[in-house]
Enquirer: 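The following block contains the structure, expressed as C-alpha coordinates.
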Amino acid sequence: NLTYILNDMPNQIKEALLKKSLKAETASIGHKRHMGFANRNIQNILNKKITIAGTAVTLAIPGQDSTLLHHIIQFLRPGDILCIDRLGDDKHACLGGGVAAAIVTSGCSAVVIDGPCTDTPELKKYGLQVWSRGTSPITTRIYNTGGSFNVPVSIGGSVVNPGDLVIADFSGVLIMPENEAEIDIDWALGKQKAEPSTHKRLFDGEYIGELSGASSLVKNKSN
(Lines give C-alpha, C1' and ligand atoms only; values in the text may rest on other atoms or scores of the structure.)
Protein backbone atom coordinates (compact mmCIF):
# COMPACT_ATOMS: atom_id res chain seq x y z
CA ASN A 1 0.00 0.00 0.00
CA LEU A 2 1.15 3.55 -0.75
CA THR A 3 1.65 5.52 2.44
CA TYR A 4 2.15 9.05 3.74
CA ILE A 5 5.32 10.40 5.33
CA LEU A 6 4.61 13.33 7.66
CA ASN A 7 7.55 15.04 9.35
CA ASP A 8 7.64 17.99 11.73
CA MET A 9 7.73 21.57 10.50
CA PRO A 10 11.26 23.01 10.15
CA ASN A 11 12.61 25.89 12.19
CA GLN A 12 12.02 29.17 10.40
CA ILE A 13 14.78 31.32 8.89
CA LYS A 14 15.87 34.22 11.11
CA GLU A 15 14.08 37.48 10.35
CA ALA A 16 17.30 39.46 9.84
CA LEU A 17 18.47 37.06 7.13
CA LEU A 18 15.08 37.17 5.40
CA LYS A 19 15.14 40.98 5.28
CA LYS A 20 18.63 40.92 3.79
CA SER A 21 17.58 38.23 1.30
CA LEU A 22 14.80 40.43 -0.08
CA LYS A 23 17.43 42.92 -1.29
CA ALA A 24 19.56 40.34 -3.09
CA GLU A 25 18.78 39.42 -6.69
CA THR A 26 19.02 35.74 -7.56
CA ALA A 27 20.98 36.72 -10.68
CA SER A 28 23.54 38.57 -8.57
CA ILE A 29 24.07 35.53 -6.35
CA GLY A 30 24.32 33.52 -9.58
CA HIS A 31 27.58 35.29 -10.41
CA LYS A 32 29.15 33.52 -7.43
CA ARG A 33 27.09 30.43 -6.69
CA HIS A 34 26.10 27.58 -9.02
CA MET A 35 24.13 25.23 -6.73
CA GLY A 36 20.49 25.62 -5.78
CA PHE A 37 19.01 27.32 -8.83
CA ALA A 38 15.76 25.74 -10.00
CA ASN A 39 15.17 25.17 -13.70
CA ARG A 40 14.59 28.51 -15.42
CA ASN A 41 11.13 27.42 -16.63
CA ILE A 42 9.85 27.79 -13.07
CA GLN A 43 8.77 31.44 -13.06
CA ASN A 44 6.29 33.74 -11.35
CA ILE A 45 3.29 33.53 -13.65
CA LEU A 46 1.57 36.68 -12.37
CA ASN A 47 4.01 39.36 -11.29
CA LYS A 48 7.63 39.50 -12.42
CA LYS A 49 8.33 42.46 -10.10
CA ILE A 50 7.83 40.56 -6.84
CA THR A 51 10.73 39.26 -4.73
CA ILE A 52 10.00 36.90 -1.86
CA ALA A 53 12.18 35.10 0.67
CA GLY A 54 11.15 32.51 3.19
CA THR A 55 11.56 29.13 4.83
CA ALA A 56 11.21 26.04 2.64
CA VAL A 57 8.42 23.69 3.61
CA THR A 58 8.52 20.70 1.27
CA LEU A 59 5.91 18.43 -0.23
CA ALA A 60 6.09 15.58 -2.75
CA ILE A 61 2.84 14.40 -4.33
CA PRO A 62 2.35 12.00 -7.24
CA GLY A 63 0.70 12.72 -10.60
CA GLN A 64 -3.04 13.07 -10.34
CA ASP A 65 -3.33 13.17 -6.54
CA SER A 66 -3.37 16.20 -4.23
CA THR A 67 -4.75 14.54 -1.08
CA LEU A 68 -1.69 15.33 1.03
CA LEU A 69 -1.54 18.93 -0.22
CA HIS A 70 -5.07 19.55 1.05
CA HIS A 71 -4.15 18.04 4.42
CA ILE A 72 -0.91 19.92 5.10
CA ILE A 73 -2.11 23.45 4.34
CA GLN A 74 -3.29 23.70 7.97
CA PHE A 75 0.36 23.53 9.13
CA LEU A 76 1.70 26.38 6.96
CA ARG A 77 2.90 29.53 8.74
CA PRO A 78 3.58 33.15 7.79
CA GLY A 79 7.05 33.30 6.30
CA ASP A 80 6.92 29.77 4.86
CA ILE A 81 7.30 29.00 1.17
CA LEU A 82 5.67 25.75 0.13
CA CYS A 83 7.88 23.87 -2.36
CA ILE A 84 5.96 21.15 -4.22
CA ASP A 85 7.79 18.35 -6.00
CA ARG A 86 5.42 16.82 -8.55
CA LEU A 87 7.64 13.77 -8.97
CA GLY A 88 8.01 14.31 -12.71
CA ASP A 89 4.38 15.07 -13.53
CA ASP A 90 3.97 18.07 -15.85
CA LYS A 91 0.34 17.49 -16.82
CA HIS A 92 -1.78 18.01 -13.71
CA ALA A 93 -2.20 21.34 -11.91
CA CYS A 94 -2.24 20.74 -8.16
CA LEU A 95 -2.96 24.38 -7.30
CA GLY A 96 -5.95 26.44 -8.39
CA GLY A 97 -8.40 28.87 -6.86
CA GLY A 98 -9.61 26.75 -3.95
CA VAL A 99 -6.18 25.61 -2.84
CA ALA A 100 -4.88 29.18 -3.29
CA ALA A 101 -7.61 30.54 -1.01
CA ALA A 102 -6.71 27.98 1.64
CA ILE A 103 -2.99 28.76 1.43
CA VAL A 104 -3.54 32.52 1.63
CA THR A 105 -5.50 32.13 4.88
CA SER A 106 -2.50 30.34 6.41
CA GLY A 107 -0.26 33.36 5.85
CA CYS A 108 2.18 31.31 3.76
CA SER A 109 4.33 33.68 1.68
CA ALA A 110 4.40 31.86 -1.66
CA VAL A 111 4.33 28.53 -3.47
CA VAL A 112 6.97 27.07 -5.77
CA ILE A 113 5.76 24.17 -7.93
CA ASP A 114 7.87 21.92 -10.14
CA GLY A 115 4.84 21.60 -12.41
CA PRO A 116 1.87 23.67 -13.57
CA CYS A 117 -0.89 25.53 -11.74
CA THR A 118 -4.30 26.79 -12.90
CA ASP A 119 -6.94 29.47 -12.22
CA THR A 120 -4.55 32.42 -12.62
CA PRO A 121 -7.33 35.05 -12.30
CA GLU A 122 -8.16 33.72 -8.83
CA LEU A 123 -4.49 33.49 -7.85
CA LYS A 124 -4.22 37.17 -8.76
CA LYS A 125 -7.45 38.02 -6.93
CA TYR A 126 -6.29 36.31 -3.72
CA GLY A 127 -2.75 37.68 -3.96
CA LEU A 128 -0.93 34.36 -3.84
CA GLN A 129 2.53 34.47 -5.40
CA VAL A 130 3.21 31.27 -7.35
CA TRP A 131 6.34 30.24 -9.21
CA SER A 132 5.47 27.31 -11.51
CA ARG A 133 6.03 25.73 -14.92
CA GLY A 134 3.14 27.66 -16.47
CA THR A 135 -0.49 26.57 -16.38
CA SER A 136 -2.58 23.51 -17.20
CA PRO A 137 -6.36 23.00 -17.44
CA ILE A 138 -6.07 19.43 -16.12
CA THR A 139 -6.26 19.28 -12.33
CA THR A 140 -5.38 16.85 -9.59
CA ARG A 141 -8.04 15.11 -7.47
CA ILE A 142 -8.37 13.37 -4.12
CA TYR A 143 -7.17 9.84 -4.88
CA ASN A 144 -5.39 8.98 -1.58
CA THR A 145 -2.30 7.52 -3.28
CA GLY A 146 0.28 8.84 -0.80
CA GLY A 147 2.95 11.51 -0.58
CA SER A 148 5.65 12.97 1.64
CA PHE A 149 5.76 16.13 3.76
CA ASN A 150 8.95 17.85 4.93
CA VAL A 151 11.40 15.47 3.29
CA PRO A 152 14.21 16.38 0.85
CA VAL A 153 12.63 17.05 -2.56
CA SER A 154 13.69 18.14 -6.04
CA ILE A 155 12.50 21.45 -7.45
CA GLY A 156 13.63 22.05 -11.01
CA GLY A 157 16.68 19.83 -10.55
CA SER A 158 17.75 21.40 -7.25
CA VAL A 159 17.59 19.69 -3.88
CA VAL A 160 15.36 21.42 -1.35
CA ASN A 161 15.54 20.45 2.31
CA PRO A 162 12.93 21.57 4.86
CA GLY A 163 14.21 24.75 6.51
CA ASP A 164 16.29 25.93 3.54
CA LEU A 165 16.19 29.58 2.51
CA VAL A 166 14.19 30.22 -0.66
CA ILE A 167 14.61 33.43 -2.67
CA ALA A 168 12.36 33.85 -5.71
CA ASP A 169 12.24 36.87 -8.01
CA PHE A 170 12.00 38.03 -11.63
CA SER A 171 14.83 35.75 -12.72
CA GLY A 172 13.71 32.54 -11.02
CA VAL A 173 14.08 30.52 -7.83
CA LEU A 174 17.14 29.91 -5.64
CA ILE A 175 17.30 27.52 -2.69
CA MET A 176 20.20 27.61 -0.19
CA PRO A 177 20.96 25.95 3.15
CA GLU A 178 20.64 28.63 5.82
CA ASN A 179 24.23 28.20 6.99
CA GLU A 180 25.58 28.87 3.47
CA ALA A 181 23.27 31.72 2.51
CA GLU A 182 24.54 34.81 4.30
CA ILE A 183 28.05 34.90 2.83
CA ASP A 184 26.71 34.67 -0.73
CA ILE A 185 23.95 37.21 -0.07
CA ASP A 186 26.45 39.70 1.38
CA TRP A 187 28.68 39.23 -1.67
CA ALA A 188 25.71 39.80 -4.01
CA LEU A 189 24.65 42.95 -2.17
CA GLY A 190 28.18 44.32 -2.54
CA LYS A 191 28.09 43.59 -6.27
CA GLN A 192 24.69 45.27 -6.65
CA LYS A 193 25.95 48.36 -4.82
CA ALA A 194 28.89 48.69 -7.23
CA GLU A 195 26.90 48.11 -10.42
CA PRO A 196 25.55 51.65 -11.01
CA SER A 197 29.04 53.17 -11.04
CA THR A 198 30.30 50.40 -13.33
CA HIS A 199 27.42 50.96 -15.74
CA LYS A 200 28.16 54.70 -15.75
CA ARG A 201 31.77 53.99 -16.77
CA LEU A 202 30.48 51.94 -19.71
CA PHE A 203 28.16 54.72 -20.84
CA ASP A 204 31.11 57.12 -20.49
CA GLY A 205 33.02 55.10 -23.08
CA GLU A 206 35.04 52.49 -21.22
CA TYR A 207 35.06 48.96 -22.60
CA ILE A 208 33.45 46.12 -20.66
CA GLY A 209 36.32 43.83 -21.66
CA GLU A 210 38.81 46.15 -19.97
CA LEU A 211 36.70 46.49 -16.82
CA SER A 212 36.03 42.76 -16.45
CA GLY A 213 39.57 41.69 -17.28
CA ALA A 214 38.37 39.67 -20.28
CA SER A 215 40.37 41.68 -22.81
CA SER A 216 43.68 41.16 -21.01
CA LEU A 217 43.03 37.41 -20.87
CA VAL A 218 42.36 37.32 -24.61
CA LYS A 219 45.45 39.41 -25.40
CA ASN A 220 47.63 37.09 -23.30
CA LYS A 221 46.48 34.10 -25.34
CA SER A 222 46.56 35.71 -28.78
CA ASN A 223 49.59 35.85 -31.05
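The figures here come from the full heavy-atom set of this structure, side chains too, leaving out hydrogens, waters and symmetry mates. We're numbering straight along the sequence, starting at 1.
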Enquirer: Each residue besides Ile155 in its hydrophobic cluster should be listed here, by chain and number; the cluster joins Ile, Leu, Val, Met, Phe, Trp and Tyr at side-chain heavy-atom distances under 4.5 Å.
Expert: Ile5, Ile42, Ile50, Ile52, Ile81, Val112, Trp131, Val151, Val153, Val160, Val166, Val173, Ile175
Enquirer: Distance from Leu217 atom CG to Ser212 atom OG, nearest 0.5 Å?
Expert: 8.0 Å
Enquirer: Any link between Phe170 and Ile45 through a network of hydrophobic side chains (Ile, Leu, Val, Met, Phe, Trp, Tyr) touching at under 4.5 Å?
Expert: no
Enquirer: Kindly give the heavy-atom pair with the smallest separation between Asp186 and Lys20, and that separation in Å.
Expert: OD1-NZ, 2.9 Å
Enquirer: Side-chain donor-acceptor pair under 3.5 Å between Gln129 and Asn47, yes or no?
Expert: no
Enquirer: Donor-acceptor pair, Ser28 side chain versus Ala24 backbone, under 3.5 Å?
Expert: no
Enquirer: Mind listing the closest non-hydrogen atom pair of Asn161 and Ala56 along with its distance?
Expert: O-CB, 3.8 Å
Enquirer: Would you compute the distance between atom CZ of Arg133 and atom CD1 of Ile113 and round it to the nearest 0.5 angstrom?
Expert: 11.5 Å
Enquirer: Calculate, to the nearest 0.5 Å, the distance between atoms CE and CZ belonging to Met9 and Phe75 respectively.
Expert: 8.5 Å
Enquirer: Should we count CG of Leu22 as having more than 12 external heavy atoms under 6.0 Å?
Expert: yes
Enquirer: Would you indicate whether Asp8, at its atom CG, is surrounded by more than 12 heavy atoms from other residues, nucleotides or ligands within a distance under 6.0 Å?
Expert: no
Enquirer: Check the pair Trp187 / Arg33 against side chain to side chain contact (heavy atoms under 4.5 Å, CB included), numbers first and verdict last.
Expert: CA-CA 10 Å; Trp187 183 91; Arg33 187 180 181 88; over 6 Å; no
Enquirer: Should Leu59 and Cys83 be marked as a side chain to side chain contact (heavy atoms under 4.5 Å, CB included) after you check the CA-CA gap, both sets of side-chain angles, and the distance that decides it?
Expert: CA-CA 6 Å; Leu59 178 69; Cys83 299; over 6 Å; no
Enquirer: I'd like to know if Lys191 and Glu195 make a salt bridge, using a cut-off of under 4.0 Å between side-chain N and carboxylate O.
Expert: yes
Enquirer: Of all heavy-atom pairs between Ser154 and Asp114, which one has the smallest distance, and what is that distance?
Expert: O-OD2, 3.8 Å
Enquirer: Does a sphere of radius 6.0 Å around CZ in Arg77 hold more than 12 heavy atoms from other residues, nucleotides or ligands, not counting ones at 6.0 Å or beyond?
Expert: yes
Enquirer: Let me check something: any side-chain donor-acceptor pairs from residues 93-108 under 3.5 Å, sequence neighbours excluded? List them with distances.
Expert:
| residue | atom | partner | partner atom | Å |
| --- | --- | --- | --- | --- |
| Thr105 | OG1 | Ala102 | O | 2.6 |
| Ser106 | OG | Ile103 | O | 2.6 |
| Ser106 | OG | Cys108 | N | 3.1 |

Enquirer: Is the side chain of Glu25 donor-acceptor paired with the backbone N or O of Ser171 at a distance under 3.5 Å, no angle test?
Expert: no
Enquirer: Go through the steps to decide whether Thr58 and Asp164 satisfy the test side chain to side chain contact (heavy atoms under 4.5 Å, CB included), and finish with yes or no.
Expert: CA-CA 10 Å; Thr58 66; Asp164 281 351; over 6 Å; no
Enquirer: Is there a donor-acceptor pair closer than 3.5 Å between any side-chain N or O of Ser136 and the backbone N or O of Lys91?
Expert: yes
Enquirer: Tell me whether the count of non-hydrogen atoms from other residues, nucleotides or ligands lying under 6.0 Å of NZ in Lys32 goes above 12.
Expert: yes
Enquirer: Can you tell me how far CG of Leu202 sits from OG1 of Thr198, rounded to the nearest 0.5 angstrom?
Expert: 7.0 Å
Enquirer: In terms of hydrophobic clusters joined by side-chain contacts under 4.5 Å, are Leu6 and Leu76 together?
Expert: yes
Enquirer: So if you build clusters from Ile, Leu, Val, Met, Phe, Trp, Tyr with side-chain heavy-atom gaps below 4.5 Å, do Val57 and Leu87 land together?
Expert: no
Enquirer: For the backbone of Tyr143 and the side chain of Asp65, can you confirm whether one donor and one acceptor N or O come within less than 3.5 Å of each other?
Expert: yes
Enquirer: Using 0.5 Å steps for rounding, measure from the CD atom of Glu206 to the NZ atom of Lys200.
Expert: 9.5 Å
Enquirer: Around atom CG of Asp204, are there more than 12 heavy atoms from other residues, nucleotides or ligands closer than 6.0 Å?
Expert: yes
Enquirer: Is it true that, when you exclude Leu211 itself, more than 12 heavy atoms of the residues, nucleotides or ligands shown sit nearer than 6.0 Å to its CG?
Expert: yes
Enquirer: Who else is in the cluster with Leu189 when I, L, V, M, F, W and Y are joined by side-chain contacts under 4.5 Å?
Expert: Ile13, Leu17, Leu18, Ile29, Phe37, Leu165, Ile167, Leu174, Met176, Ile185
Enquirer: Report yes if the side chains of Pro116 and Thr135 come closer than 4.5 Å at any heavy-atom pair, otherwise no.
Expert: no
Enquirer: Look at atom OH of Tyr207 and say whether more than 12 heavy atoms of other residues, nucleotides or ligands are closer to it than 6.0 Å.
Expert: no
Enquirer: So, for Lys193 and Pro196, which heavy atoms are closest and what is the spacing to 0.1 Å?
Expert: O-CD, 3.4 Å
Enquirer: Looking only at heavy atoms, which two atoms of Ser132 and Gly115 are closest? And how far apart?
Expert: CB-O, 3.3 Å
Enquirer: When you look at Leu46 and Val130, which way does the side chain to side chain contact (heavy atoms under 4.5 Å, CB included) test go after all the steps?
Expert: CA-CA 8 Å; Leu46 294 178; Val130 177; 6.0 Å; no
Enquirer: Less than 4.0 Å between a side-chain N and a carboxylate O, is that true for Asp90 and Arg86?
Expert: no
Enquirer: To the nearest 0.5 Å, what is the distance between NE2 (His71) and CD1 (Ile61)?
Expert: 13.0 Å
